[in-house]
Amino acid sequence: MNKSILSTITRAALTDFQKAVYCATALIPKGETRTYAQIAAMIGRPRAARAVGNALNKNPFAPAVPCHRVIRSSGALGGFALGSATKKRLLKQEGAL
DNA sequence: CATTTTTACAAAT
DNA sequence: ATTTGTAAAAATG
């Protein structure tokens with residue numbers, strides 16, 4: 001309903017946490033990868049790896065932030081809005097894999 | 001504004 | 001592989 005849309009727009013303003021996540025993710029050097037835990041630790045929330053993934057998922061700067069460089073500690077690519085296949089391909093292209 | 005649900009994680013079992 | 005713990009946003013009321 002309209003209420004949901006309004007709620008989304010109201011919260012569309014980036015929070016400090018989101019800003020930190022996008023910044024840290026954008027700082028990842030090309031050809032390297034970071035785990036969600038590393039990003040979380042970088043921004044001061046070492047226990048918020050999950051929240052980091054959440055922020056990247058909503059990532060309003062889709063092409064601005066290299067979310068494809070962020071993977072899980074287990075080595076899994078995690079998820080990707082454009083599909084895990086695309087993410088894997090991008091990492092391979094950069095030489096991260 | 002408070003409460004509940006969901007989530008692209010991580011560590012332990 | 002399954003369970004538990006943690007953190008934040010979106011949805012719901």
Side-chain angles (χ1 to χ4, degrees):
Chain A
M1 276 297 283
N2 301 335
K3 191 175 179 185
S4 305
I5 299 172
L6 288 172
S7 190
T8 305
I9 295 171
T10 302
R11 293 178 195 284
L14 276 50
T15 63
D16 296 336
F17 186 82
Q18 277 183 316
K19 282 199 308 181
V21 172
Y22 301 138
C23 186
T25 304
L27 288 175
I28 301 174
K30 184 179 182 300
E32 284 196 35
T33 56
R34 285 280 201 280
T35 66
Y36 292 97
Q38 284 293 319
I39 297 296
M42 189 187 298
I43 66 178
R45 290 293 191 285
R47 265 32 201 216
R50 205 177 219 164
V52 171
N54 239 355
L56 286 175
N57 186 325
K58 286 181 307 204
N59 170 11
F61 310 110
V65 177
C67 5
H68 58 266
R69 288 183 196 157
V70 186
I71 62 176
R72 284 179 49 162
S73 62
S74 307
L77 298 177
F80 196 50
L82 302 177
S84 52
T86 304
K87 184 171 182 175
K88 190 173 182 180
R89 199 194 71 210
L90 286 167
L91 286 171
K92 225 178 165 190
Q93 194 175 53
E94 293 185 349
L97 297 179

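In the text below, chain A, chain B and the rest are named by the order of the sequence lines, each starting its count at 1.
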Exercise for the section: Could you provide the dot-bracket string of DNA chain B, using ( ) for intrastrand pairs, [ ] for crossing pairs and | for bases paired to another strand, with Watson-Crick or G-U pairs below 3.5 Å? Expected result: |||||||.|||||
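Rounded to whole angstrom, the span from the CD1 atom of A/Ile43 across to the P atom of C/dA8 amounts to 8 Å. B/dA8 atom C1' lies 18 Å from atom CZ of A/Arg34, rounded to whole Å. Atom CG in A/Leu56 sits about 12 Å away from atom P in B/dA8, given to the nearest Å. Between the NE2 atom of A/His68 and the P atom of B/dA8 there is a distance of 19 Å, rounded to whole Å. Atom CZ of A/Phe80 is separated from atom P of B/dT7 by 19 Å (rounded to the nearest Å).
Applying the side chain to side chain contact (heavy atoms under 4.5 Å, CB included) rule to A/Ala24 yields the partners A/Ile39, A/Met42, A/Ile43; only residues at least two apart in sequence or on another chain are considered. Residues satisfying the side chain to side chain contact (heavy atoms under 4.5 Å, CB included) test with A/Pro46, not counting sequence neighbours, are A/Ala41. Every salt bridge (Lys or Arg N to Asp or Glu O under 4.0 Å) that A/Arg34 has, sequence neighbours left out, goes to A/Glu32.
The side chain of A/Arg47 contributes no N or O atom lying less than 4.0 Å from OP1 or OP2 of C/dG5.
The shortest non-hydrogen separation linking A/Val65 to A/Ala26 is CG1-N, 4.4 Å. Closest heavy-atom contact between A/Thr35 and A/Val70: C-CG1, 4.3 Å. The heavy-atom pair separating A/Ala40 from A/Ala48 by the smallest distance is CB-C, 3.8 Å. Closest of all the heavy-atom pairs between A/Leu77 and A/Tyr36 is O-OH, 4.1 Å.
Residue pairs meeting the salt bridge (Lys or Arg N to Asp or Glu O under 4.0 Å) criterion with at least one partner in residues 65-83 of chain A, sequence neighbours excluded, are A/Arg69-A/Glu94.
Base engagement by A/Gly79 is indicated by at least one non-hydrogen atom pair under 4.0 Å involving a base atom.
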Protein N or O to nucleotides 10-13 of chain B N or O, pairs below 3.5 Å:
{"residue": "B/dA10", "atom": "OP1", "partner": "A/Ser73", "partner atom": "N", "Å": "3.1"}
{"residue": "B/dA10", "atom": "OP2", "partner": "A/Ser73", "partner atom": "N", "Å": "2.9"}
{"residue": "B/dA10", "atom": "OP2", "partner": "A/Ser73", "partner atom": "OG", "Å": "3.4"}

